[in-house]
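Since we're looking at a predicted model, the values are computed, not measured.
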Amino acid sequence: MATLLPFSAAHAALCTPGHYSSTGSDPCATAPVGTYVNSAGATSVTLAPVGRYVPTSGATTSIPAPVGS
């Protein structure tokens, strides 16, 4: 008979790009508008830098802001 091991964060799926959590694994939250997450297993979001923006949630990168905006 197989022995069942207790579930741990080591067995949880990593958050995908565009998502994050305090542990970097499930359950994950979607990066909000104005932020992005460009790697798997992220524990925080990145704010769009000056001159760039993020118009949608779940983004994996920021985009250049239009000139004069």
Side-chain angles (χ1 to χ4, degrees):
M1 177 176 258
T3 303
L4 296 176
L5 299 175
F7 179 81
S8 72
H11 295 102
L14 288 179
C15 295
T16 58
H19 301 81
Y20 70 104
S21 76
S22 62
T23 62
S25 58
D26 283 337
C28 304
T30 301
V33 171
T35 68
Y36 65 96
V37 176
N38 63 4
S39 61
T43 57
S44 63
V45 298
T46 301
L47 291 172
V50 174
R52 298 180 70 85
Y53 73 112
V54 181
T56 60
S57 60
T60 58
T61 188
S62 61
I63 55 178
V67 175
S69 61

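- Minimum interatomic distance between A59 and V54 (heavy atoms only, all atoms of both residues): CB-CG1, 3.3 Å.
- Residues satisfying the side-chain contact (heavy atoms from CB on, under 4.5 Å) test with T60, not counting sequence neighbours, are P17.
- Considering every non-hydrogen atom in both P66 and Y53, the closest pair reads CD-CE2, 4.0 Å.
- Residue A42 comes nearest to V37 through the heavy atom pair CB-CG1, 3.3 Å, listed as atom of the first residue, atom of the second, then distance.
- Rounding to the nearest 0.5 Å gives a distance of 7.5 Å between SG of C28 and NE2 of H19.
- The side-chain contact (heavy atoms from CB on, under 4.5 Å) search around S21 returns C15, T23, not counting sequence neighbours.
- Between P55 and I63, some side-chain heavy-atom pair lies under the 4.5 Å cut-off.
- Between L47 and T35, the closest heavy-atom pair is CD2-CG2, 3.6 Å.
- Heavy atoms only, all atoms of each residue included: Y36 and P49 are closest at CE2-CD, 4.5 Å.
- Minimum heavy-atom separation, G24 to T43: N-CG2, 3.8 Å.
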